[in-house]
Each structure stands twice: as structure tokens, then as C-alpha cells.
2 protein chains.
Amino acid sequence: MRRSIATVCLSGTLADKLSAASGAGFDGVEIFENDLLAAPSSPAELRVRCADLGLAVELYQPFRDAEALPPDAFARVLRRAERKFDVMAGLGADTVLMCSSTSPEAIDDDDLAAEQLHALAERAGARGLRIAYEALAWGRHVSTWDHSWEIVRRAGHPSLGLCLDSFHVLSRGSDPSAFAAVPADRLFFLQLADAPHLSMDVLEWSRHHRLFPGQGAFDLPGFLGNVLAAGYRGPLSLEVFNDVYRQSDPARTAVDAMRSLVHLEEELGRAPAVSALRDRPALTAPPRAPELTGHAFAEIGVDAVSRPVLGHALETLGFTHTGQHRSKPVERWQQGDATVLLNAASLLAGDLGQAVVGALAVSSDDPDASVARAEALRAPVLPRSKGPAEADMAAVAAPDGTSVFFARTRGNWMADFLPTGDEPDAGTGITRIDHVGLSQPFDHADEAFLFYRAVLGLAPETSNEFAAPFGLVRSRTVVDRSRRVRLALSVAVLRRGEWAPGVPDPQYVAFATDDVVATGRALRAAGAPLLRIPDNYYDDLDARLALDPDLLAGLREVGALHDRDAHGGYFHLATTVLGSRVFFEVVQRTGEYAGHGSVDAPIRMAAQRRHRLDPD
Amino acid sequence: MRRSIATVCLSGTLADKLSAASGAGFDGVEIFENDLLAAPSSPAELRVRCADLGLAVELYQPFRDAEALPPDAFARVLRRAERKFDVMAGLGADTVLMCSSTSPEAIDDDDLAAEQLHALAERAGARGLRIAYEALAWGRHVSTWDHSWEIVRRAGHPSLGLCLDSFHVLSRGSDPSAFAAVPADRLFFLQLADAPHLSMDVLEWSRHHRLFPGQGAFDLPGFLGNVLAAGYRGPLSLEVFNDVYRQSDPARTAVDAMRSLVHLEEELGRAPAVSALRDRPALTAPPRAPELTGHAFAEIGVDAVSRPVLGHALETLGFTHTGQHRSKPVERWQQGDATVLLNAASLLAGDLGQAVVGALAVSSDDPDASVARAEALRAPVLPRSKGPAEADMAAVAAPDGTSVFFARTRGNWMADFLPTGDEPDAGTGITRIDHVGLSQPFDHADEAFLFYRAVLGLAPETSNEFAAPFGLVRSRTVVDRSRRVRLALSVAVLRRGEWAPGVPDPQYVAFATDDVVATGRALRAAGAPLLRIPDNYYDDLDARLALDPDLLAGLREVGALHDRDAHGGYFHLATTVLGSRVFFEVVQRTGEYAGHGSVDAPIRMAAQRRHRLDPD
């Protein structure tokens, strides 16, 4: 099926937007009127430009407040429509979006609306054009898709059909299976947008918080399956009004948008409504996401100043430096199934003392399929650089620049390392990597969420927002089916400003233990750089939860934070910030606790700030 | 009256917040529990710290989900409360805020709520403490202040009273005049917050969008007048949950907060409910804002590269270089009553080619009173630097760093300039400065709005938000009573990121004309650096408004943009960006049009971007 994107999804001028849409491989665009008005090229010149870029002009939009008007106002509408039909003729767009009126002048009279839309359709049809009528969720008298269909049905004109927009339909809670009642030749256009569940005015929700499919909470595969089952075969067109995308690099956004469509088509292929179709539309299907079996390693980029800081931290956490890479300045540190690499060759130039989580590796049952899937989903596959006798490990670049490696579950990548001769000792109880926490660039947080969801096949686990000492933070976790690979993605809700003396874009690796107090004691004894947590915190824990006094004393002794949800408990210890932005955590889960204790993150952040102001 | 601020209003750790509150001159604070939990000092140590800073601990807050519970849950509440009373004893706080329950466990039973609050009050009273009960606007069973009063009344305990919060009362549309029915000794605490009108979930509205008094849309003077008329004499305490303030410099925010209280007290002094009181509380009253009579001048900081660019622009706009400052490298340019100064000594170091609106001057009937008022409102008064025989002109620094001068309406500041010998010629029809447009730093947009409102006595005129090519922009205009001084303040809704190739933080000076087409023709003839506006824009103007063809042709010829509202029309011409971020506009108003044509700003911005990419 043809893939299209509305220019309103992208930042920049119309020239920027068209280049971005073409660059990401879209087949067509919806031209948003305001973008056209600000463009110096005539509609005919834009038609040529779009053709040169391989883009069809699938829709011109929006034409507002057209119907159910008093005669004089409708006369002005007819004049305006003819002018816009001129523009469409120039652009080579055959369909215009008319959205249900929000005008205070509009009359609550379906017959009048149908009559006037018929008159408009008659004029459009005479010029070979079509009108796609859409119910805005906040339309004055017409605010549901079935009401818009009733008006189109009454008008009964071949040049008048429906535009279905997933936001307007799903935000109103309408049932998309009812689309089946609409003849396929009345389904003129389809606009797709996801959104988070928000309790707010629907207009504001729509104009500021739409997302690309797979980034929000709507059932887009179910919606689209019903539209296709009803016979729609026009383009799949994204229309996403989003405050962040309005101001971020349109070339990046367009790739993100394309990924969302490819992923949606994949999910759709499995939707019952579509599987049952005889005449199935052509849909893409990247290789399925192979099963992941855990975090193979996390790699931290270090420099000459930060390497000993990180090395000391790992040593006091009970890790052993077991291997040295054959050809690169990379150290392998191990404890239990947890592996951390310190890479002294990966950092770009910057301030001395930097440390960055530069890569993470997941164990995949089929790394080749993982890479093929990543490519199909427009993830940038990184060049492989291997020396003789080194494992050939493929990687893709995540939106925040982190390299994501696919290690063969029973693979031999460890052979890249020459043993140091040191064998792991009894350790401190750390068993494996529980999760990796990565703060995301403000402009790319939703892109990153979709990236991990689509490319790695991870599923959303928890989502929340909390007031950190230096501003609100939004956090989402994603996990694989076996809950062995888990990532915590966070973003500053408002982008960080000049004040905000916290750690910029913190990153961490959280290690699992089965006994946080015992591990904490071993770490304290070894001199690990653990945070000091205020007594006030434990007094409150006692007041709220009336914990067993021995447990409370143990937590207080080692400085562990504690959260509970309906399914289980969570205990977590954190180190000070090592280098510029990295720290480690040691965590214990009981029961089926989900998430990563973000309710306590402000306590941890304040302690990290104190340590930076006043190191012990 | 005592002035207090809740620590939750401010960014940072508790240490940062207390220093900021003290620095701004507050008498006390509300300690927000989460701030305490993250602090390393014990409650007793914090009591000493607050005393050292001159701060009383007016309130400890919040204690949640205390009342109307099943017996076992209430037993846990009593245990928790005793622990928190310990904390309060340490802090030296005698009042705790208990907010109405949001727990799913809470029972809809006012008698049970009263009985349990009575039991809590009994324990509090035994320790010399008080409980202030507050109805959250989203409380499960108690969500209005009158309902909370009914429960307090039924409980009938001297240690149990009300906390009134302007947000919870006004967001629910309750009538504050009914406070008169509550005995004064039951009014334990008062929290003040303003907010914009927003249609959204009230909890989200409250937690993210509260503002300091005078920054939003609530009638705070009316609210507070009613609270005082009911006999309340406790502290005036600000409780503002705001996403921007959560992450901006707390020292700045605290001063802004103090300004809002001083201004509120001033407005309150005139409120009927308070004027009528026999026993009036002590309220501040800065000198009233003197009448302003216009923009005396706008000053643009230039360097060696930008000076000739700005000079050429002014010349082609029809201005004459009429004077040179006696002691500084400042040129005076004039046309009609419009005066622009080019100051080659004011820029801080930076890239060559900068140009910045560094100062604006308003004509005041009483500059001394203007300055005294600014000082009373905590505006930073700038040092005066005058040479012999120069006018002594006072200035204050606005939140964005702009200097605001107060020029005597019939003053002699022009004497600072030696005549160049050139006299203004017939000019191009520019009569005066219509307004100055200043984009505000993201962290200080609401602060700036309040600054101009309080310090200069300007009134809000229009407020809107529009989708610019590189992100959403919010814009507010403020005007003086005579509508001769007008400022357009704008801010990027999400702070600008790496993409956003538009002009960073644009600023402009808009000059008035009575005939934009005639002035535009003169400017084109003189070679002024006017923008080219696309034909698509005029075709749309024609389609929408069916303008008189001659007028449309004139607008198209000169490149003027056009907006209309219910009261009048607006025509505006803009130049390209001169230097790094400054441009000029020429505008014509008809009727009583308010605002500044921001609906067309995206057209102007796209044209400015094109010009920067591809100068003529």
C-alpha cells in the first residue's frame, strides 16, 4: 500500500518537509494549507518538485467550516472552495479534506449539511476532484465518524466520501468494526495517528500530543484492520500533531514515521480482520523479532581519567577484570552472568573524565534475523569492524546514539578477549544485568521508545512521570517476553535549561542480586562508592510501610531504597556518578514487581547532587 | 502580613530552596515532605537552618489519605501520623496540611471523616499541633471547600481547621464570599496560586500549570479579600506547582514569587472586601504606576559589522540620523515621534554581526515614582551612568536582560545628543513606535509577563499560541491604559533545540503608519530590506476575505500581511533579520484591533528563513 505523511507532522518550511518525506521513502504527502501559504513556489511548481522527489500529492487539507451554514455564509464558502480547487488543480491533488464545522454560525441540520456538501461535491466533481469529509472529535454538531457517514450518505454524491482519522474515531471511543457498513467506494482517505491516554480537552490532546503508531496507547492495528476489511485501498497516511516533532529535525522524524508505518503493517498482517481478507492488500513483513535471552554486556566508553574511576567502582562492586580485547583497548569485567566492558577507544573528543554507556548487547537466538529486521525497520546498521579471529557481531544505532549489539545466545564473542588470568571470585551476590537506564535526548524520546519496541521486539512495561529535584522526568520501561532484557528510558519533560545542576542525561547499569542487604554490606566493606541516603527517607518508609525492623535497619545500613507495587517489591542501591554521567545500581526484585523504582529517583538524584557538591 | 512560600514552588534540593526563599525576603516556608525526605539534615537541624535564614516553618505538607477509612486502615494512619508529628516537632512546624482523601479505600461518609479527623486532631492537640484540612479539587468524596468545612464543623475540635487553597476553590468555580460563614479561628492556613484557564483534567492542571498571582487568569485579589474579610490573619503562602519553575533557577523564581505577593497585596488594598474592614491587615502599597504616554525610544546594541546594516535599514525606512551622544558611541535616528538609538557600546562579547534590542524607554509622567515602584516590586534598578550635562535617566532590568528606561514625558533627555545637523525629512509615513516585540527566555516568560504588568502597570491585551515553522510559540501582549505603550512577549513553548534553524529569540521594533501600502511603496523605492511574501498567501487572503481588489493588489505589491479580528484590521510589513536576531516592522491598525498579527508570524518566519538561506 502507498505510504503518505502529512506535512504538518514535520518541522521546517515546506521545502524542508518535502525533502524529509522523500528521503524517508514515503510515496506521497498531504499538503497542509499553512505550509503552502508560506511557500514561495506556485502550486504548479510544487507539483513538479513533488514529482521530482517521487511524492504524490495525496491530499490537500484542511478546508474548514464548509457546511450547514446560512445562505450568505455558504455563498462565501463556494467562492473560497473554487479558489482552493484552483490550488489543487495546480498541485495535482485530487482530494481535499473538509472537516466538520466548528463555526458558531453552523446550524444543527444534517439535511442542510448534506445539501451544501452535495453542492460543493458537484463543483469538485466537475473539475475531477473529490471531497473527503471528516468528523472532528470537537466538531460543533458533527463529532463522530458515524454522524459524518450519515451526512455523506444523505448527500449521495460520487465526489463526496469519508476521511477516517484514527484519532478522531478512537478518542471518542467509537467502534471501528462498524466501518464495514460503509461501501468501499465511499472511503476516500485514511489518516493514522496514535496518542497516549490523557484526560484533557480533546482538541488540545489532538493538537499537541498525537504520536506515530506504536508510540501511544491506541489499538492502531485493530483500527486499520477494520478500515481495510471495509475495502479501503488508498494510502496509509500519517497525520500527527505533536509539539516535540514540530521542532525536531524533520529528516529524523520522517524516518521515525516510516518505521512506525512499517511496524504497523507488520502488526496488521496478524490482525484477524485482515488475515480473513481474500483480497489482502500488499503489506510489508520484516523478519519477526528473534527471542532475546538477556543482556550480554553493557559497554562504557571511558578516557584516561574516567577509566580508573570506573575500574575501581567495578572492583569494589565485586567484578573481576577477566579479559582484554585482542585488538582494541577494551577491558572485560565479569561477575556471575553480568559483563561490563570498559572501552577506551569509543569516546568522541570531549571534556576529560567522561564516561558514557556507549553500547549494550542483547543475546539473540538469531542475530542475523535481528539485523535484517532492524534494516527493514530503517534502523541504521553500523559497519562491522572485526580483526582476525574476532567474533562478527552486528550492531545498530539507537536514536540516542547507543550501539545495540546482537550477540549470539550461545555464541563465541568472548573469544575476542584474551584472558587476564584472573578468574571471577565469589563476588558480592551480583548475578546478571537487570536493566540498563538511558536518558533520551528530548527530541527523540518517543522515537527511542518505538525503536526498542519495533526493532528489538520489546514490550512496554511501565510508564510514569515524577518530579525530580531539577525538573519533571518521564520514564518508560520496555522488556522482552522473558523479562530478561529490560531498558528504562527517561526524558526531561521540558528539555534541560541552564539551571539544573543535576547530572545531565544520566545513564546507568543496574545489576541484579537476590539479597540487596547482603550485597550492600559486601559493597560497603569493599569501599564501593555508594550513596548515603538520608535518615528522613527511612523514617518515612517506616511511617508508611511499617517494615520489619530488621529489614528496615538493613536497608538503612546499606542505603537501599525501597518501592512496592501490587505485585511485589523492589530494593535498589546506587553509586555516586562516575565520570560525567554514569552510575551503577544493584537491585533486588521480589514477586512480580515491574518497573525500576522511579518513585525514589528524586532521593537518589538529590544524594548524587550532594556528593558532587561535596565529595566524601 | 507574613509572606510564605511552599518549597515545592522552587527547583533544586531543600538546601537550594531555603536559601532562595530567604534571599527573596520571605518570612516563612511550607516544607513539602518529599523535599524533607531527600535532605540529609534531621528535622531539628533544619529548624536551626531555617531560623538562621530568618524563615519560620509555617506548614508541613501534605499528609494524604487520612480520613473516612475502614478501621484497620485508619489504625495505620494513626501510626503514620504520630511519626509525622515527631517530624513536625523537630522542624518546629505547628500545622500540618491534611488533604481530602483520593484513596479508593475511602468511604463516602462525612460523619466517619469527621470522627477520624477528630481523633487525629486530639492527638495533634495533645502535642500542641494543628491540622489544616483541605479539599482537593479531585478528592474522592470531598472536593469542594464547603464540603471540607462541613466536616471540620462536624468534627468540632479546636486543633482542626481549614486550609483554603485558591486553586482548589477557584478551579471548581466556588464562591469565595461564602468564607464569611466560617469563624476566623477555624481558618488555619491559606495557600495562593493563580492559573491560566485551561480545559483539562483538574489534577493535571493543578500539578503542572499553576502560576504565581498575577500571571494567570484567576481573581486572586477578590479571593484573598474574602479570606481576610472572614478574619484570616495567618501567612499568605504561595503554593505553585509549575513545570517551568520546577526546573529554573530557584533564586530567580523566589524573587518573582515575592513580586507576585507584593503586587497582590497592592491590588488587594483596593478590593472592596478589604477596604471595608475595620481591622485591616498590614498590606504593602508601592507607589502607583504613573501614567505612561508612549515609547520614548528603542535602543539596539550593535557592533562594527551590524551597525552599518542597521543604519542602512533605518535610512531606507525613512529615518534620519539626527544626533550623536555626547559621551557614548550612540546614534539617534528619528522619524515622526519614533526614535531609535544604535548603541555601539552595549553589547557583551559575542559573534561579530550581533544586533540586540538592549533597551526600551517608556515616557512616564513621574519617572521617580516609576523607579520607586520598581524597587518596591523587587525589580533590579540599574546604576545610572551619566556624564556632565546628560539627562539623568533611571532604568530597571527586565527578566530577559532588557533595560527599561523611564523618560520624563516632557523631559530633556534629547539634550544628551549633539545634533548631527541633519533634520528629519518628510519620511515614509512612520509616526511612532507601535510596539516592541521581545522573545523571552524559556525559564522566564511568566516572570516577564508579571514584571511588565506589575512594574510598568501594563495590562494583558491578547494571548495566543501558534505553530511556527520551527515549533510552537506562545505570545502575550501587554498595553498601558492609553494603548500608547505596547509590548509583545513571546516564548518557544518547548525551549528551542538543535534543529530549529529559525532566528533564535527574535526581537523587533514595530513602527506605526496610517497607510501601510503608501509607506511600503516608499520603502520599496528606497531599497528597504523588506521580505518577499509568497503569492500563495495573497491568493488565500483573497479566498478567505474577498478583499477589495485594489487593496489586495497593494498589499501584494508591498508584501504586507493582513489580519482581522472582531474590532478592526491589522497590516504589517517586516524586514529581513538584521544582524543576528533583530528586525523592523511597519504596521497599520484600523478600528480597535488588538494584538500584533501573530497568526501571520509563521509566514514571516518562513520568509526570513528563506532570506537567510538565500539572500537576495
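Chain A is the first sequence line, chain B the second, and so forth, proteins listed ahead of strands; every chain is numbered from 1.
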Can any side-chain N or O of B:Asn536 pair as donor or acceptor with the backbone N or O of A:Ser41 at less than 3.5 Å? yes

Requested in this report: Please answer whether the main-chain N or O of A:Trp499 pairs with a side-chain N or O of B:Asp249 as donor and acceptor at a distance below 3.5 Å.
Outcome: no

Heavy-atom closest pair (A:Arg495 atom, B:Gln247 atom, distance to 0.1 Å) is O-OE1, 3.8 Å

Among A:Arg207, A:Met200, A:Arg252, A:Arg604, the residue with the most heavy-atom pairs under 4.5 Å to chain B is A:Met200

- Just by distance, do the side chain of B:Asp243 and the backbone of A:Gly471 share a donor-acceptor pair under 3.5 Å? no

Heaviest contributor of heavy-atom pairs below 4.5 Å to chain A, chosen from B:Gly12, B:Ser42, B:Pro441, is B:Gly12

Rounded to the nearest 0.5 angstrom, the CZ-CG distance for A:Arg246 and B:Leu494 is 10.5 Å

Honestly, the part of A:Ala546 sitting under 4.5 Å from a heavy atom of chain B is both

Of A:Ala467, A:Ala606, A:Gly497, A:Ala500, the largest count of non-hydrogen pairs under 4.5 angstrom with chain B goes to A:Gly497

Whatever's closer than 4.5 Å to a heavy atom in chain A on B:Arg496 counts as backbone

One should read off an interatomic distance between A:Asp16 CG and B:Phe470 CZ, to the nearest 0.5 angstrom, of 6.0 Å

When the 4.5 angstrom heavy-atom criterion is applied to A:Asp35 and chain B, the contacting part is neither

Rounded to the nearest 0.5 Å, the CZ atom of A:Arg64 sits from the CZ atom of B:Arg544 at a distance of 12.0 Å

Contact list (residues 76-83 of chain A to chain B, heavy-atom gap under 4.5 Å, by number) returns A:Arg79, A:Arg80, A:Arg83

Between the NE2 atom in A:His208 and the CD atom in B:Glu465, the distance rounded to the nearest 0.5 Å is 4.5 Å

OH (B:Tyr537) and CG (A:Asn34) are apart, to the nearest 0.5 Å, by 11.0 Å

Rounded to the nearest 0.5 Å, the CG atom of B:Leu472 sits from the CG atom of A:Asn242 at a distance of 9.5 Å

So, the part of A:Arg610 with a heavy atom under 4.5 Å from chain B: the answer is side chain

Honestly, the part of A:Lys84 sitting under 4.5 Å from a heavy atom of chain B is side chain

Whatever's closer than 4.5 Å to a heavy atom in chain A on B:Arg609 counts as side chain

**OP:** Please confirm whether the backbone N or O of A:Pro469 pairs with a side-chain atom of B:Ser11, one donor and one acceptor, at under 3.5 Å?
**Re:** yes

Honestly, the part of B:Asp86 sitting under 4.5 Å from a heavy atom of chain A is neither

Answer yes or no: are there more than 12 heavy-atom neighbours, outside B:Glu204 itself, under 6.0 Å from its atom CD? yes

Turns out that what part of A:Asp535 lies under 4.5 Å from chain B's heavy atoms comes down to neither

Practice task
Any chance you could lay out the side chain to side chain contact (heavy atoms under 4.5 Å, CB included) test for B:Asp540 and A:Glu33, step after step, and finish with the verdict?
Solution key: CA-CA 9 Å; B:Asp540 177 66; A:Glu33 180 161 279; 3.5 Å; yes

Cut-off 4.5 Å, heavy atoms of chain B, and the answer for A:Phe442 is side chain

Residues passing the side chain to side chain donor-acceptor pair (under 3.5 Å) test with B:Tyr245, sequence neighbours excluded, are B:Gln215, B:Asp256

Answer key: most heavy-atom pairs under 4.5 Å with chain B among A:Ala607, A:Pro602, A:Pro43, A:Pro534 is A:Pro534

When the 4.5 angstrom heavy-atom criterion is applied to B:Val244 and chain A, the contacting part is both

